[in-house]
A.B. asks: 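Next up is a structure, given as structure tokens.
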Amino acid sequence: MRKIAVLIAFSFTLTTYAQNFKFGKVSKEELQEKFSPIDSIADAAYLYKHRNTFFNYNENEGFQLITEIHERVKIYNKEGFDYATKAVRLYKNSSDEEEMAGLKAYTYNIVDGKVEDTKLGKESIFETEISKYRNETKFTMPNIKKGSVIEYKYKIISPFISKVDEFVFQYDIPVKKLEARFEAPEYFIFKLNTKGYIPIMPTTETKHGKITFRSKTRSYTGTKFSSSDLDFSKQVSTYNLSDVQALTKEPHVNNIDNYRSSIKYELSYTKFPETPIEYYSTTWEDVVKKIYDSNGFGSELNKTGYYEEEIDAIINFISDPKKRVALIFNFIKNKVKWNGYYGYMVDEGVRKAFKNNVGNVAEINLMLTSMLRYAGLKAYPVLVSTRGHGIPLFPTREGYNYVVSYVKFVEGDGILLDATSIYCMPNILPFRTLNWKGRVINEKGNSTFVDLYPKHISKNTVSVLVSLDENGDIEGGCRSIKTNHNALSYREKINGVDKDDYIEKLDNEYNGLEISNFDVKNSAEIYKPIQESYKFEKESQADVIGDKMYFSPLFFFRETQNPFKLEKREFPIDFGYPSETTYRVVISLPKGYKVESLPDSGVFQLPDNLGTFKYNVSLANNSIQAIISSKINSPIIGAEYYETLKLYFSQLVEKEGEQIVLTRI
């Protein structure tokens, strides 16, 4: 009997402390939890994530797509407070839109030993229009503290039955318990597209469903009500995961969502009783053809009458194709300003954009392509998915969100153009567009691939003159020359910014660097390298110990941390473009000191000519000269090279940290 009593007591204990995921049943144990057992350094964690997506038949609206969400989040520290804000994107078009309903949300804390809840108020809920196709409902939970648990639930009612949002199973924070369910009646046939590195397979079963149709008829005897049932089958897929590790972020990832474990349900076709099958699933060829044939794309590309006189005046006496490209490209960059909106479809149309001197991406670059064609050039629009949008893995019209222009020359070479930025040059696209491959669309609506990553090296050459005094303080001058994408990004950062604000940021970046005589040359002359120069002073840049002095020849410019820290990385390293940074440093020695030792010269190379680090320090007369360069030759390096790349940067950091030793004469 004693053993039975102990077993009963043990079972009762387990039941008492078992987690209850019913909405509102947040436990004291959850609130007292100090760190995530899945990841002890996580700022927050999902204690529970639940999603249920299904179809509901409404006699007035027809089938609707319903998604129910219930989430419970634990906040461990102040860095986790960001997870107390939730933004829900809602799709819309010109005739219909999704809506959010049934929002309930509470913040839970322990007060005087008891669980206290604070309800989300209406004043903390904000509805905004993000774009022509998206609304957003955002709410921020009240009374957030270290240790808080927040919980919310809502549902999304969508008339867009083919737009099933991706089922995501891995997040930036760990997930203790995740449940998901997708239910589709026999009339909607879906196929699954998976991505990520966590193997996920649903449990599927077929269940019975029923739709009841109600009607009423009127006659001289009164109104009669009747109903009839339609039985159907439905396929139900369920997912049940526990202790899901966070997807760890690391530098040089084009878009972490490309590698996040998830499943996308794509509507393949519909088959309703006594109705022909309607196909939705398609190939990339079909997608491209539909885009090209749409009114917001192909027809806009073929409009010419609104610009002919101005283009004729620009190219009238120019026969060289590349000069014609340059003239038209510069004309459109200065004529039409980008309004910040993405999209491969026009909003107001090319004519209106030209007239009003402002347009979205499609209006500007379709206009550019049309002008180039009018000038006798082989120009084509290129569908692009920006880095933030992800890689278009599966054929869908939502796979692309941007368009640029491509010109093919008789000699076989070609150039990519984007006129949304006045700082862009031929084959120097904005960083946001450097995302694998684009689809070049020809006049018949067929497509071929073009590599969006640049081939030419972007350089940053930094020349530094340094005078070192006996206290270890330095003063001197610095001049940097930047080319290609390095120049583009610098121009976008510096132009239009208050000079004093920029200098202050530079001061902070180098931890108290005092800057004077700051100057920038060629900021608007984009076909010339941009030059930045300034004078500087900085204290305590050498350690003075007894009669010796120790310092790195790169001083505050040196790399101090390896950006790559993961044990293993399963996704590629994306640098965006090939680049080379070279430092040429001349150091004048303080009076009364001589060189005791210099670091050894060295060269580190990545395999397959992916990159090279060169380090050389020498003594000439009474000064030290250092030439230190780091070069990455490929915009993308595969994950199979990760360990080698990690070692390369570790050696780079170590080498740049090696000390020159001076001794008092």
Side-chain angles (χ1 to χ4, degrees), residues 19-26 30 44-56 58 63-75 80 82-92 97-108 117-122 124-128 130 134-142 144 148-184 190 196 200 202 236-242 244 246-247 257 260-265:
Q19 200 159 10
N20 188 342
F21 296 118
K22 187 176 180 181
F23 187 82
K25 299 298 182 180
V26 173
E30 289 172 313
Y46 288 108
L47 301 178
Y48 182 58
K49 281 186 73 74
H50 174 84
R51 172 179 169 180
N52 182 27
T53 297
F54 59 95
F55 288 82
N56 181 62
N58 181 302
F63 277 105
Q64 295 176 313
L65 188 65
I66 311 295
T67 296
E68 298 173 335
I69 299 293
H70 172 198
E71 297 180 351
R72 185 181 296 177
V73 184
K74 172 70 178 183
I75 309 290
D82 289 345
Y83 291 92
T85 297
K86 177 76 173 181
V88 181
R89 294 287 179 92
L90 302 168
Y91 181 76
K92 64 176 180 176
E97 62 183 36
E98 294 178 335
E99 64 174 289
M100 180 178 170
L103 173 62
K104 291 185 179 180
Y106 293 87
T107 300
Y108 300 88
D117 63 70
T118 306
K119 185 178 181 179
L120 174 72
K122 292 182 178 180
S124 298
I125 304 172
F126 304 94
E127 297 179 354
T128 56
I130 300 298
R134 291 283 179 183
N135 292 328
E136 181 183 80
T137 297
K138 180 184 285 189
F139 56 89
T140 299
M141 300 299 294
I144 297 298
S148 294
V149 171
I150 63 174
E151 188 174 40
Y152 46 81
K153 67 176 183 177
Y154 57 87
K155 66 179 178 180
I156 298 172
I157 304 166
S158 174
F160 309 111
I161 58 174
S162 64
K163 291 185 178 296
V164 180
D165 286 341
E166 199 170 49
F167 279 75
V168 179
F169 301 104
Q170 192 177 25
Y171 296 84
D172 298 337
I173 55 176
V175 184
K176 192 170 186 179
K177 180 72 173 175
L178 186 151
E179 295 175 343
R181 187 173 185 270
F182 180 64
E183 175 187 304
F190 288 85
I200 296 170
V236 180
S237 301
T238 57
Y239 302 86
N240 199 320
L241 287 77
S242 298
V244 182
L247 183 60
D257 289 336
R260 199 179 298 281
S261 292
S262 62
I263 287 181
K264 176 70 174 176
Y265 281 89

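None of the values given here were measured: they were computed from a predicted structure. The analysis underlying the following values was restricted to heavy atoms, covering all of them including side chains, and did not include hydrogens, waters or symmetry mates.
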A.B. asks: Between E30 and R72 (salt bridge meaning N to carboxylate O under 4.0 Å), is one present in this structure?
C.D. replies: yes
A.B. asks: Looking at every non-hydrogen atom in both residues, tell me the closest pair between V88 and I156 and how far apart they are.
C.D. replies: CG1-CD1, 3.7 Å
A.B. asks: Looking at L103 and I125, what are the two nearest heavy atoms and their distance?
C.D. replies: CD2-CD1, 3.7 Å
A.B. asks: Taking C-beta and beyond as the side chain, do Y171 and V244 meet within less than 4.5 Å on heavy atoms?
C.D. replies: no
A.B. asks: Would you say F139 and Y152 make side-chain contact, with heavy atoms under 4.5 Å?
C.D. replies: yes
A.B. asks: Looking at E68 and K155, is there a salt bridge between them, counting it only when a charged N and a carboxylate O are closer than 4.0 Å?
C.D. replies: no
A.B. asks: With the side chain counted from C-beta on, respond yes when F169 and L241 share a heavy-atom pair under 4.5 Å apart, and no when they do not.
C.D. replies: yes
A.B. asks: Checking the side chain of R89 only, and the main-chain atoms of E136 only, is there a donor and an acceptor separated by less than 3.5 Å?
C.D. replies: no
A.B. asks: Can the ring centroids of F190 and F182 be said to lie less than 6.0 angstrom from one another?
C.D. replies: yes
A.B. asks: Could you tell me which residues satisfy side chain to side chain donor-acceptor pair (under 3.5 Å) with S124, sequence neighbours excluded, listed by chain and number?
C.D. replies: none
A.B. asks: Taking K264 for its side chain and V164 for its backbone only, find out whether a donor-acceptor pair lies under 3.5 Å.
C.D. replies: yes
A.B. asks: Pick one: which of H50, E151, K153 meets side-chain hydrogen bond (donor to acceptor under 3.5 Å, both in side chains) with H70?
C.D. replies: E151
A.B. asks: Judged by modelled atom types alone, do T67 and T53 share a side-chain donor-acceptor pair under 3.5 Å?
C.D. replies: yes
A.B. asks: Using the side chain to side chain contact (heavy atoms under 4.5 Å, CB included) rule, take I150 and I144 through it: C-alpha gap first, then chi angles, then the decisive distance, then the call.
C.D. replies: CA-CA 8 Å; I150 63 174; I144 297 298; 3.5 Å; yes
A.B. asks: Identify which one of E98, E99, E97 satisfies the side-chain hydrogen bond (donor to acceptor under 3.5 Å, both in side chains) criterion when paired with S158.
C.D. replies: E98
